Protein chains: 4
Amino acid sequence: MAKLQKSIDKRNALIKATIELVNNSGFHATPMSKIAKMANVSPATIYLYFENKQDLVNKTYLEVKYKYTEAVFKNYDTNTSVKAGFEFIWKSIADFKTKEHEYAFFLNQCDNTLMIDESIIKEGIKYLQPLLDLWKRGKEEGLIKPMSNHLLYAYTINPLSFLIMVQKRGDFQLDKEHLEKAYQAAWNSIKTTK
Amino acid sequence: MAKLQKSIDKRNALIKATIELVNNSGFHATPMSKIAKMANVSPATIYLYFENKQDLVNKTYLEVKYKYTEAVFKNYDTNTSVKAGFEFIWKSIADFKTKEHEYAFFLNQCDNTLMIDESIIKEGIKYLQPLLDLWKRGKEEGLIKPMSNHLLYAYTINPLSFLIMVQKRGDFQLDKEHLEKAYQAAWNSIKTTK
Amino acid sequence: MAKLQKSIDKRNALIKATIELVNNSGFHATPMSKIAKMANVSPATIYLYFENKQDLVNKTYLEVKYKYTEAVFKNYDTNTSVKAGFEFIWKSIADFKTKEHEYAFFLNQCDNTLMIDESIIKEGIKYLQPLLDLWKRGKEEGLIKPMSNHLLYAYTINPLSFLIMVQKRGDFQLDKEHLEKAYQAAWNSIKTTK
Amino acid sequence: MAKLQKSIDKRNALIKATIELVNNSGFHATPMSKIAKMANVSPATIYLYFENKQDLVNKTYLEVKYKYTEAVFKNYDTNTSVKAGFEFIWKSIADFKTKEHEYAFFLNQCDNTLMIDESIIKEGIKYLQPLLDLWKRGKEEGLIKPMSNHLLYAYTINPLSFLIMVQKRGDFQLDKEHLEKAYQAAWNSIKTTK
DNA sequence: CATGAATGAGTGTTCATTCAT
DNA sequence: TATGAATGAACACTCATTCAT
């Protein structure tokens with residue numbers, strides 16, 4: 001029990017260190033030795049928990065993606081209307097990304113570079129299924145424009161990633177007012193116009 | 001002349017090789033030796049044209065950004081209406097990004113990671129001034145919602161980067177129809193509603 | 001009893017695993033962890049039975065050498081004639097080495113590299129005393145040429161090790177006919193010619 | 001010229017260091033860093049001359065094997081009688097192996113472990129062709145017993161390797177008298193008896 | 001201008017051994 | 001007696017950069 005907990009703690013410390021270091025230097029510029037040091041373990045210990053560096057970052061990605069989508073969909077009710085559902089999900093995402101911007105930034109880096117294996121990326125996409133289901137329903141009900149999911153994503157969710165990125169760069173603070181405007185922009189870009 | 005031209009050719013070959021290799025492996029996974037080999041020069045020669053690896057990639061970024069904005073704004077007439085101007089610029093950007101997707105992908109990687117020095121990023125942003133001017137005018141005329149330029153960018157231009165990225169991953173082909181819908185989405189997200 | 005037996009079993013399993021792994025990869029390319037895994041024990045357990053890796057391989061060597069010489073001399077009658085005695089021992093050795101080629105190959109590796117401590121090698125040589133005694137007698141009786149035991153060994157016993165080695169490489173099968181010829185060659189090389 | 005010579009010198013120094021260190025510690029116990037230090041180069045420099053550690057040792061093996069067979073067959077006249085030819089070759093081999101015992105010991109280690117790639121071993125065997133040709137002729141002329149070349153090798157050449165090995169261990173000095181006896185033993189083991 | 005050879009510092013990873021349980 | 005988790009010290013190999021030519 002105490003032993004198992006210790007194991008879990010170590011693994012978590014490694015994941016945490018990986019996120020922080022990759023966020024600040026990128027995958028290839030963060031040596032295993034630094035990750036180990038930050039997690040207060042020996043470099044060799046990493047290999048008790050992960051096969052190699054690629055596996056470590058793959059698993060970290062999936063773990064963060066899981067935390068993210070779990071938080072987003074936890075209180076989501078699939079029975080609400082399309083519009084309410086979309087607003088709920090969008091704002092949950094915005095909430096998570098602003099509050100957990102380290103996670104958001106990490107996911108953004110992973111999604112925009114080649115550091116994560118493709119199969120893992122695809123695995124992570126599955127976690128977003130409820131949103132895709134909602135969009136399907138929205139299109140069927142004629143509320144959402146008949147567009148590829150890639151486009152819907154590009155105009156509603158991806159802008160948030162971009163804004164988090166800009167904020168991280170330091171010249172911009174994403175406040176409540178911005179978020180409300182952003183939500184309107186997102187919805188306007190995909191809703192049908194009578 | 002012949003000598004100067006040869007020099008320019010070498011520099012261009014280096015820039016080209018950098019783009020191709022960084023696109024396929026990322027900054028830290030492309031060694032100088034490979035760049036040299038692909039450009040058919042000695043590794044030492046790189047240092048005649050660039051201070052170091054960081055300088056090489058910074059300059060490459062600026063050069064690509066310049067090519068990009070130059071192409072986009074070359075035929076842009078600052079006297080047209082806001083709506084026509086926006087459509088012109090947006091479609092020019094879309095055109096460039098789809099045709100020169102290697103350039104687009106490279107810029108996307110640079111903008112979403114920490115590989116380029118911040119001062120250089122800022123320098124590059126200046127090239128987009130005509131678009132920022134247009135947005136200013138649009139907001140003054142009440143045609144474009146009063147939003148931060150970061151938001152306007154997030155909802156009109158950045159989605160294109162995302163879509164190019166997805167296309168590069170291979171599961172999606174960005175065709176004419178998609179682009180038309182994308183343009184509508186972009187405009188709908190920022191235009192004011194009477 | 002059950003407990004002691006279990007202990008002996010474990011030790012034997014470790015010795016067996018060591019032989020198999022060293023035969024297939026060499027001493028330095030077989031990690032303790034693999035030996036442990038193959039013997040179905042924890043790495044730490046090895047250290048209950050052996051001081052360290054060197055000790056493990058030393059002891060394994062002696063054990064195999066003992067098995068080998070025991071089998072060879074078990075039914076050897078020191079009272080037979082020199083010629084008959086030599087033939088008996090030679091053929092016993094040949095029999096053991098062909099039947100227990102894993103043991104033979106292991107001994108060969110140990111004898112031709114520096115993996116075993118010298119003192120242990122010397123210890124193992126003692127096990128061959130009956131053969132050395134026979135040679136002494138043979139030389140006294142004028143049947144065997146007056147040569148250093150090293151030479152007698154080189155021309156009678158060592159060729160068998162070499163042939164087992166070649167067979168293990170796969171391009172050669174040491175059959176009965178070969179063995180008969182080999183025996184003749186061995187005897188011819190050391191017997192005196194009237 | 002000076003440059004090329006320097007390159008050759010460095011390569012030779014690396015080969016020499018490899019032999020010495022492998023002879024004293026075995027393949028897996030000699031780190032590249034030590035080889036580099038002994039050859040007075042940086043570890044990285046090794047990789048300018050050899051692909052990796054395996055390649056280094058493979059090439060070293062072939063080079064030594066070549067030196068060995070070249071020395072042995074240099075003055076060998078294929079037109080002499082079988083008996084004279086055999087004596088010449090055997091004594092040349094003995095001469096080389098006693099004088100260049102470091103080379104002999106290295107080859108012996110390579111031939112009795114799995115450190116050299118099989119294809120390379122096979123390549124090296126080709127260098128011994130003149131001896132195989134001689135044996136063929138000897139068998140045809142009825143002077144040498146009709147035995148597999150493996151057996152002929154086991155009883156004539158291999159004993160020399162064994163004796164060099166024993167000498168290296170220190171308890172035995174292979175002098176002229178021993179060699180003469182050894183030659184007789186070798187010849188007696190394979191010659192036909194009227 | 002241009003180079004190929006050279007390298008020191010660093011990388012991911014392995015392994016014999018230990019130790020708390 | 002037996003263990004699995006942990007590790008420090010190594011290892012093979014790479015790379016940005018330099019320098020003699």
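Chain letters run A, B, ... following the sequence lines, proteins first, then strands; residues in each count from 1. Values in this document were obtained by computation on a predicted structure and should not be read as measured data.
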- Item | Pairwise salt bridge (Lys or Arg N to Asp or Glu O under 4.0 Å) hits with a residue in residues 50-63 of chain C, at least two apart | R11(C)-E63(C), D55(C)-K59(C)
- Item | Length of the line joining I46(D):CD1 and dC13(F):C1', which is rounded to integer Å | 10 Å
- Query: Phosphate oxygens OP1/OP2 of dA6(E): is one of them under 4.0 Å from a side-chain N or O of Y49(D)?
  - Reply: yes
- Message: Nearest whole Å is fine: how far is dT11(E) P from Q54(A) CD?
- Response: 17 Å
- Note: for Y47(C) and L48(D) on DNA chain E, the residue whose nearest nucleotide lies more 5' is L48(D)
- Message: I'd like to know if the side chain of Q5(D) pairs up with that of D9(D) as donor and acceptor (distance under 3.5 Å, no hydrogens or angles considered).
- Response: yes
- K168(D) to F105(D), cation-pi by 6.0 Å centre distance and 45° axis angle: yes
- Nearest whole angstrom, please: distance from the C1' of dT3(F) to the CG of L4(A). 17 Å
- Query: In Å and rounded to the nearest 0.5 Å, what is the CG to CG distance from N40(D) to L14(D)?
  - Reply: 10.0 Å
- Rounded to the Å, how far apart are L14(A) CG and dA5(F) C1'? 13 Å
- To the nearest Å, give me how far apart CD (E51(D)) and C1' (dC13(F)) are. 13 Å
- Between P of dA6(F) and CZ of R11(A), the distance in whole Å: 13 Å
- Item | Pairing partner of dT21(F) (Watson-Crick or G-U wobble, both distances under 3.5 Å) | dA2(E)
- Message: I want to check something: taking the side chain as every heavy atom from C-beta on, are V57(C) and F50(C) in contact at a cut-off of under 4.5 Å?
- Response: no
- Note on the structure: Considering only heavy side-chain atoms of A44(B), the closest of dG8(F), dT18(E), dG4(E) is dG4(E)
- Message: Give me the atom names and distance for the closest heavy-atom approach of I35(A) to A17(A).
- Response: O-CB, 3.8 Å
- Nearest-Å distance, CG (D9(A)) to P (dA5(F))? 15 Å
- Is there a side-chain contact (heavy atoms from CB on, under 4.5 Å) between I116(C) and F27(C) once you walk through the steps? CA-CA 10 Å; I116(C) 304 293; F27(C) 173 52; over 6 Å; no
- Query: Hey, is the side chain of K6(C) poking within less than 4.0 Å of OP1 or OP2 on dT1(F), counting only N and O atoms?
  - Reply: no
- Query: From the list dT13(E), dA6(F), dA16(E), which nucleotide is the closest neighbour of the side chain of K53(A)?
  - Reply: dT13(E)
- Query: Between T45(B) and dT3(E), does any side-chain N or O lie under 4.0 Å from OP1 or OP2?
  - Reply: yes
- Item | Residue whose nearest DNA chain F nucleotide is more 5′ - P43(B) or S7(C) | S7(C)
- DNA chain E contacts among residues 24-41 of chain A, heavy-atom distance under 4.0 Å: T30(A), P31(A), M32(A)
- Find the distance L21(A):CG to dG12(E):P and express it as a whole number of Å. 11 Å
